[in-house]
Amino acid sequence: MSAYKSDFLHVLAERGFIHQVSEPEALDQLAKSQPITAYIGFDCTAPSLHIGSLLPIMMLHWMQQTGHRPIALMGGGTTRVGDPSGKDESRRILTDEMINQNLIGIRAIFAKFLKFEGAGGNAIMANNADWLNTLNYIDFLRDVGRHFSVNRMLSFDSVKMRLDRQQELSFLEFNYMILQAYDFVELNKRTGCVLQMGGSDQWGNIVNGIDLGRRMSNVQLFALTAPLITTSSGAKMGKTAAGAVWLNADMVSPYDYWQYWRNTEDGDVSRFLKLFTVLPLDEIARLAALQGSEINEAKKVLATEATALVHGRASAEEAAGTARKTFEEGALAESLPTVEISSAELQNLGVLVAFVKAGLVASNGEARRQIKGGGLKVNDATVTDEKMVLTPAALTPEGVIKLSLGKKRHVLIKPQ
């Protein structure tokens, strides 16, 4: 059991969100005695967040549920620079228009997990472009840069890994940790924020901010990081053959999202129920105790609860119903994801191209590999010939062609 006295840290610890905390006793005491403000930073490099961002979003959610004030900090400014942590190559630079467009898509996701000011809550959505984009370089060097030792910056993992591998690290990216530290100090000034949370790879960057806060403002700030999530088999969370699992419905359908969680490895069910649903812990313990094939029931609960948080309860129930019809009753469910193609295309559609179009595989080469392993089916019949061509003759009585990858992923091709 967690030894924390504050609801906030107790809940995070019980559910598996805590990897490291700076000065845990002092933070625990503070969170027990008054509402605190904490933030997590999110980049705006894409029009949606993906499953990798779900863990930090859930941390902000629980923070608000236990009586505190969360800040989702959008990196409108830092996205113009790029975070070198764990990356070998520089990120492509986005225009301000692209960043602002991405922000709109990302904002919609947070509203599902947090109650913002103006919507009956106290959560804040901030954007570091508000203070970073107008900085005067000479003033910034004098007021902030003088507190940073290059010797120390060179010892941080994010920089060291690049240099050890002889990968180029631009001066632009080298500045990233200074800007992130400055964000923390600026949010403290603007909102009284005392805690920054993030993944365990952010520890060095967050500690920099704590240090800068002490030097510039003589304030005590705190760090809390979550474990980086990999699956039981060691795979990175949130990646599939078809690419990242996005949270926006127009990028990954609620049904595919549900399927992603349904395919969780047995060893991860209990941990993922704690991290990615809001079910009570005693209910999770009951589900986690299921053995043998019954574990599939727990996976369905995980899939439905996780999908309900992002896409709403109705979409989650519909996805569960579609899966039940497709797998347990063998019916062709109308609500399977559908890709429309022109009738002309269907006169002579190569099977490899069809599976790429459906988004079930990323390339023709991958489709070939799946065929060799018996992984692709057309209308429930295993594909054995990579030169197979789909024509109107393949249409089912419902007027569609069902493409399947393995037992779990299905897409309907429908001519217009």
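- The shortest heavy-atom contact between Pro254 and Ala319 is O-CB, 4.1 Å.
- Under the 4.0 Å criterion applied to side-chain N and carboxylate O atoms, Lys299 and Glu294 are not assigned as salt-bridge partners.
- Side-chain atoms of Arg146 come within 3.5 Å of backbone N or O of Arg142 as a donor-acceptor pair.
- Going from atom CG of Leu376 over to atom OG of Ser404 covers 9.0 Å, rounded to the nearest 0.5 Å.
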Exercise for review: Might you work through the side-chain contact (heavy atoms from CB on, under 4.5 Å) test for Gln370 and Glu386, ending with a clear yes or no?
Suggested key: CA-CA 10 Å; Gln370 289 287 356; Glu386 62 177 57; over 6 Å; no
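- The shortest side-chain heavy-atom distance between Thr66 and Leu12 does not fall under the 4.5 Å cut-off.
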Could you give the side-chain donor-acceptor pairs of residues 281-288 under 3.5 Å, partners two or more places apart or in another chain?
unit_1: Glu283; atom_1: OE1; unit_2: Arg286; atom_2: NE; d: 3.2
unit_1: Glu283; atom_1: OE2; unit_2: Arg286; atom_2: NH2; d: 3.2

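- Distance CD/Gln259 to OG1/Thr264: 10.5 Å, rounded to 0.5 Å.
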Kindly list each side-chain donor-acceptor pair under 3.5 angstrom involving residues 219-226, sequence neighbours excluded, with atom names and distances?
unit_1: Gln220; atom_1: NE2; unit_2: Glu23; atom_2: OE1; d: 3.0
unit_1: Gln220; atom_1: NE2; unit_2: Glu23; atom_2: OE2; d: 3.4
unit_1: Thr225; atom_1: OG1; unit_2: Gln20; atom_2: N; d: 3.4

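- Nearest heavy atom pair, residue Arg15 against residue Thr277, reads NH2-O, 3.0 Å.
- Here the OG atom belonging to Ser155 is positioned 11.0 Å from the CG atom belonging to Leu163, to the nearest 0.5 angstrom.
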Practice item. Show the numbers, then the answer: is there a side-chain contact (heavy atoms from CB on, under 4.5 Å) between Lys402 and Lys377? Key: CA-CA 8 Å; Lys402 180 181 172 193; Lys377 289 183 175 175; over 6 Å; no
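- Side chain of Glu366 to backbone of Ala362: a donor-acceptor contact under 3.5 angstrom is found.
- Across all non-hydrogen atoms, the minimal contact from Leu290 to Ile295 is O-CD1, 3.8 Å.
- Side chains of Ser48 and Asn248: a donor on one and an acceptor on the other come within 3.5 Å.
- Judged by distance alone, the side chain of Asn127 and the main-chain N or O of Gly76 form a donor-acceptor pair under 3.5 Å.
- Checked by atom type and distance alone, the side chain of Asp130 never pairs as donor or acceptor with a backbone atom of Ala126 at under 3.5 Å.
- Taking 4.5 Å as the limit, every side-chain heavy atom of Thr191 sits out of range of all side-chain heavy atoms of Tyr39.
- Proximity of His410 to Pro337: side-chain heavy atoms (C-beta onward) are nowhere separated by under 4.5 Å.
- Side chains of Asn205 and Gln202: a donor on one and an acceptor on the other come within 3.5 Å.
- Minimum interatomic distance between Ser22 and Ile210 (heavy atoms only, all atoms of both residues): OG-CD1, 3.8 Å.
- Although no hydrogens or angles enter the test, the distance criterion places a donor-acceptor pair under 3.5 Å between the side chain of Asp28 and the main chain of Lys5.
- Taken from CG in Asn128 to CE in Met74, the straight-line distance is 9.5 Å, to the nearest 0.5 Å.
- Remark: the backbone N or O of Gly312 is not paired with any side-chain donor or acceptor of Ser315 at under 3.5 angstrom.
- Taking every heavy atom of both residues into account, Phe116 and Ala123 meet most closely at CD2-O, 3.3 Å.
- Annotation: Trp261 is in aromatic contact with Phe276 [ring centroid separation under 6.0 Å].
- Remark: Lys160 NZ is loosely packed, at most 12 non-hydrogen atoms of other residues, nucleotides or ligands lying under 6.0 Å away.
- The ring of Phe110 has its center closer than 6.0 angstrom to the ring center of Phe42.
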Under 3.5 Å donor-acceptor pairs involving side-chain atoms of residues 52-65, not counting sequence neighbours:
unit_1: His61; atom_1: ND1; unit_2: Phe113; atom_2: O; d: 2.9
unit_1: Gln64; atom_1: OE1; unit_2: Lys115; atom_2: N; d: 2.9
unit_1: Gln64; atom_1: NE2; unit_2: Lys115; atom_2: O; d: 2.8
unit_1: Gln64; atom_1: NE2; unit_2: Asn122; atom_2: OD1; d: 2.9

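- The structure places CD1 of Ile124 at 6.5 Å from OG1 of Thr37, a figure rounded to the nearest 0.5 Å.
- The only option from Leu403, Asn364, Ile371 that meets the side-chain contact (heavy atoms from CB on, under 4.5 Å) definition with Phe355 turns out to be Leu403.
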Exercise for review: Evaluate the side-chain contact (heavy atoms from CB on, under 4.5 Å) criterion for residues Tyr257 and Val245: first the C-alpha distance (whole Å), next the side-chain angles of each, then the deciding distance (0.1 Å), finally the verdict.
Suggested key: CA-CA 7 Å; Tyr257 190 79; Val245 183; 3.8 Å; yes
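- No donor-acceptor pair under 3.5 Å is formed between the side chain of Ser363 and the backbone N or O of Val361.
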Practice item. Kindly determine whether Ile401 and Val378 satisfy side-chain contact (heavy atoms from CB on, under 4.5 Å), including the steps that lead there. Key: CA-CA 7 Å; Ile401 299 173; Val378 172; 3.7 Å; yes
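- If you check the side chains of Thr304 and Trp258, you find a donor sitting under 3.5 Å from an acceptor.
- Annotation: side chain of Leu73 is not in contact with side chain of Ile40 (no heavy-atom distance under 4.5 Å).
- Using a 4.0 Å cut-off between charged side-chain N and carboxylate O, Asp256 and Arg262 make no salt bridge.
- Using a 4.5 Å heavy-atom threshold, the side chains of Leu179 and Leu132 count as touching.
- Between Arg152 and Asn208 the shortest side-chain heavy-atom distance falls below 4.5 Å.
- Nearest heavy-atom pair, Arg409 versus Gly359, reported as atom, atom and distance to 0.1 Å: NH2-O, 4.1 Å.
- In this structure, the side chains of Trp131 and Asp183 come closer than 4.5 Å at one or more pairs of heavy atoms.
- Thr231 and Glu265 are linked by a side-chain donor-acceptor pair at a separation below 3.5 angstrom, with hydrogens and angles left out of the test.
- Between Lys357 and Glu345 a salt bridge is recorded (basic side-chain N to carboxylate O distance below 4.0 Å).
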Exercise for review: List the steps, then state whether salt bridge (Lys or Arg N to Asp or Glu O under 4.0 Å) holds for Lys414 with Glu340.
Suggested key: CA-CA 5 Å; Lys414 189 176 192 177; Glu340 294 193 337; 5.2 Å; no
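- With contacts defined as side-chain heavy-atom distances shorter than 4.5 Å, the pair Leu114/Met125 does not qualify.
- Of the inter-residue distances, the one linking Phe8 atom CZ with Lys32 atom NZ reads 15.5 Å to the nearest 0.5 angstrom.
- Using modelled atom types, no side-chain atom of Asp43 and backbone atom of Thr45 make a donor-acceptor pair closer than 3.5 Å.
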